[in-house]
Amino acid sequence: MALLQPFFSDTSLSKKLLPFAPLTHTTNKRRTKTLIYAKQVLISFNTDLGLNPKLKKPRRGLYKCSAVAEIGEEHGILLGRDVGEEEKVEDSEKVEYDWKEEWYPLYLTQNVPDDAPLGLTVYDKQLVVYKDGEGVFRCYQDRCPHRLAKLSEGQLVDGRLECLYHGWQFKGDGACVKIPQLPKGGKIPKSACLKTYEVRDSQGVLWVWMSNKNPPNSDKLPWFENFARPGFQDISTIHELPYDHSILLENLMDPAHVPISHDRTDWSAKREDAQALLFKLKERTNRGFAGEWGREKEQTTPNFLRFGAPCVLQNNREIADKDGTINYFSGLFLCRPSGQGKSMLIVRFGGTKRSPLAKLFPKWYFHQNASKVFEQDMGFLSSQNEVLMKEKVPTKELYLNLRSSDTFVAEYRKWMDKVGHGMPYHFGHSTISLPKEPAVVEHAPAGLVAGISASLPAKGGIGSMYSPNSANRYFRHVVHCKGCRKVVQAFELWKNIFSALAFASVALAILVTGRQWKALLLVSTLLCLAGVYACSSAIAMNTTNFIRTHRRLN
């Protein structure tokens with residue numbers, strides 16, 4: 001599947017796209033140097049664990065095991081509990097940071113509803129987005145000033161946003177223009193207005209500036225050069241995920257997990273190809289970092305990764321054709337913190353050259369396959385989120401990071417050490433700040449009327465699948481994607497048509513007397529049933545979660 005290409009595939013655009021291979025053994029000379037280094041590593045490791053030479057007892061919550069020594073001797077442990085002095089990030093090294101002084105990706109512009117408001121969150125800030133009567137995007141605090149009802153549960157009336165609690169209406173600048181309950185001659189209070197946020201549509205993504213203290217900083221609005229290149233085409237999807245945004249970003253900058261977790265997802269990732277990787281950090285600033293990576297055995301780093309504040313990650317690669325033409329490829333991940341243990345991700349994979357095979361498949365096929373990729377990681381990442389919340393210690397004391405796989409992960413957590421104090425909560429390498437308030441759980445609609453209402457197209461529902469559930473593929477992706485929603489609705493319609501035709505064919509086959517007519521009608525019934533099966537399978541592909549089946553290796 002194209003979402004993992006060209007960074008993890010060796011099946012498209014020739015065999016140059018980073019195939020994985022088994023580890024190779026080191027020479028005796030190199031092994032001797034490694035053992036000398038390992039002794040220094042283990043001394044540092046014991047010191048960092050808090051082991052007193054006399055007591056030999058680790059700090060609370062930390063344990064010593066023989067596996068640690070074995071790993072240290074063979075490969076060295078990376079950036080977690082023992083690092084070189086030049087790579088350490090001191091706890092006191094902090095920079096000025098305010099999470100509100102940033103642009104956050106809200107939604108793919110093409111998926112913002114035309115006929116209904118859309119409720120979104122950034123950390124714990126609830127927002128409502130809609131298009132006014134002139135087609136201009138508007139964003140407010142998702143709260144009616146009257147009685148605090150959610151405006152995202154409202155409706156659009158002549159381009160104005162109406163609260164469905166008492167019918168108050170607001171125009172584009174947030175001012176209230178109608179209160180049905182006002183007496184004759186009464187004036188609308190000036191304070192009956194909404195808190196507004198600046199939004200901008202850039203390269204097909206809607207961004208919001210969260211600060212009300214300072215005007216939007218255009219220099220901070222991300223711009224992606226590859227997406228502006230002539231002939232560049234991308235497949236964009238959006239997903240709601242049940243774990244912290246930092247865990248999501250950490251997972252996305254971890255190419256080492258792909259052959260294992262996504263084994264044969266798109267005929268390219270293979271678990272037997274897992275191997276040591278080579279990372280080269282090229283840039284480190286207060287707003288992120290950048291580096292190159294590739295296979296250690298080849299000693300090449302053809303892939304370029306850049307992380308930028310607050311939550312933008314891109315993985316780029318350039319490949320030259322035989323005639324010298326340079327083709328550009330990008331994997332772009334735009335993440336939005338959407339609450340405790342929740343995140344929203346916009347994924348954009350594309351390039352200036354597409355595989356001919358990719359053109360044969362519809363977009364919804366790639367979307368559902370992308371959903372499968374995230375579902376393969378979901379169990380691991382959700383449990384990781386749970387452990388971090390439960391243990392209440394920074395990742396330095398929990399992770400066992402390897403230099404040959406986790407360099408970018410450790411670098412990201414160290415960046416969190418610098419800026420985490422300016423966020424509502426964070427999990428850093430050496431620091432941690434847990435959420436002060438418990439997460440708010442929103443319940444699904446109750447009762448027949450509420451269920452029918454929630455299933456209406458304006459709310460993104462279909463049939464009986466109206467109960468919001470972050471573990472359900474339909475509510476993690478399809479409700480956020482106009483294209484997939486229309487595809488599912490179309491398959492539902494054709495499924496009903498084929499079912500009706502099959503029933504009619506069977507009925508006519510019973511009534512007619514001629515054998516030829518009976519045979520013809522029975523054949524048409526089988527064809528209609530095949531159509532029902534095909535439509536049901538397509539619906540299931542778009543709405544049913546991936547379930548991992550373990551494959552034993554000989």
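Numbers for residues simply follow the sequence, beginning at 1. Just so we're clear, the structure is a prediction, and the values are computed from it rather than from any experiment.
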[X] side chain near [Y] side chain, heavy-atom distance below 4.5 Å:
{"X": "S246", "Y": "H426", "answer": "no"}
{"X": "V419", "Y": "N286", "answer": "no"}
{"X": "Y474", "Y": "S371", "answer": "no"}
{"X": "I432", "Y": "V393", "answer": "no"}
{"X": "H245", "Y": "M344", "answer": "no"}
{"X": "L277", "Y": "E296", "answer": "no"}
{"X": "P222", "Y": "W207", "answer": "yes"}
{"X": "F227", "Y": "L332", "answer": "yes"}

[atom1] of [X] to [atom2] of [Y]: how many Å apart, nearest 0.5 Å?
{"X": "W103", "Y": "L334", "atom1": "CH2", "atom2": "CG", "answer": "14.0 Å"}
{"X": "S338", "Y": "L127", "atom1": "OG", "atom2": "CG", "answer": "11.5 Å"}
{"X": "Q368", "Y": "I539", "atom1": "CD", "atom2": "CD1", "answer": "13.5 Å"}
{"X": "S236", "Y": "N111", "atom1": "OG", "atom2": "CG", "answer": "9.0 Å"}
{"X": "T265", "Y": "E375", "atom1": "OG1", "atom2": "CD", "answer": "10.5 Å"}
{"X": "F374", "Y": "L345", "atom1": "CZ", "atom2": "CG", "answer": "4.5 Å"}

TODO: In sequence, state the C-alpha distance, the side-chain angles, and the governing distance for D234 and F349, and then conclude on side-chain contact (heavy atoms from CB on, under 4.5 Å).
DONE: CA-CA 5 Å; D234 72 287; F349 270 80; over 6 Å; no

Open item on the list: With side-chain contact (heavy atoms from CB on, under 4.5 Å) as the criterion, how do H262 and K372 come out once you've worked through the C-alpha distance, each side chain's angles and the decisive distance to 0.1 Å?
Closed with: CA-CA 9 Å; H262 307 308; K372 180 168 67 174; over 6 Å; no

Open item on the list: If you apply the rule side-chain contact (heavy atoms from CB on, under 4.5 Å), what do you find for Y399 with R413, and how did you get there?
Closed with: CA-CA 11 Å; Y399 288 7; R413 291 301 177 184; 3.9 Å; yes

Just by distance, do the side chain of [X] and the backbone of [Y] share a donor-acceptor pair under 3.5 Å?
{"X": "H477", "Y": "I238", "answer": "yes"}
{"X": "R336", "Y": "T121", "answer": "yes"}
{"X": "S382", "Y": "G379", "answer": "no"}
{"X": "D417", "Y": "G428", "answer": "no"}
{"X": "S211", "Y": "K213", "answer": "yes"}
{"X": "N303", "Y": "R317", "answer": "no"}
{"X": "E102", "Y": "W99", "answer": "no"}
{"X": "D142", "Y": "S152", "answer": "yes"}
{"X": "N542", "Y": "V488", "answer": "no"}
{"X": "W293", "Y": "T407", "answer": "no"}

Looking at [X] and [Y], what are the two nearest heavy atoms and their distance?
{"X": "G341", "Y": "N385", "answer": "CA-OD1, 3.8 Å"}
{"X": "F289", "Y": "L281", "answer": "CD1-CD1, 4.0 Å"}
{"X": "W209", "Y": "N214", "answer": "NE1-O, 3.0 Å"}
{"X": "D273", "Y": "P259", "answer": "C-CB, 4.5 Å"}
{"X": "H367", "Y": "C484", "answer": "ND1-SG, 3.3 Å"}
{"X": "L241", "Y": "M378", "answer": "CD2-CE, 4.4 Å"}

Task: ring pair (Phe, Tyr, Trp, His ring centres under 6.0 Å) evaluation trace for Y425 with Y123 - done: CA-CA 9 Å; Y425 47 85; Y123 280 112; 5.7 Å; yes

Open item on the list: Closer than 4.0 angstrom, basic N to acidic O: yes or no for K392 and E397?
Closed with: no

Open item on the list: Tell me which one of R287, K94, E96, E93 satisfies side chain to side chain contact (heavy atoms under 4.5 Å, CB included) with K418.
Closed with: E93

Task: Chi angles and distances behind the salt bridge (Lys or Arg N to Asp or Glu O under 4.0 Å) call for E240, K342 - done: CA-CA 7 Å; E240 192 169 6; K342 297 187 295 183; 5.5 Å; no

- [ ] Run the ring-centre check on Y140 versus Y197 and record whether the distance is less than 6.0 Å.
- [x] no

- [ ] Dump the intermediate steps for side chain to side chain donor-acceptor pair (under 3.5 Å) on N545 and R476, then the final yes or no.
- [x] CA-CA 10 Å; N545 278 18; R476 280 187 294 99; 3.2 Å; yes

Side-chain donor-acceptor contact under 3.5 Å, [X] with [Y]:
{"X": "T237", "Y": "H239", "answer": "yes"}
{"X": "H480", "Y": "Y107", "answer": "yes"}
{"X": "S330", "Y": "Q314", "answer": "no"}

Task: Over 12 non-hydrogen atoms of neighbours within 6.0 angstrom of NZ in K220 - done: yes

Open item on the list: Show, in sequence, the C-alpha distance, side-chain angles and deciding distance for T544 and R473, and conclude whether the side-chain contact (heavy atoms from CB on, under 4.5 Å) test is met.
Closed with: CA-CA 6 Å; T544 304; R473 181 182 295 188; 6.0 Å; no

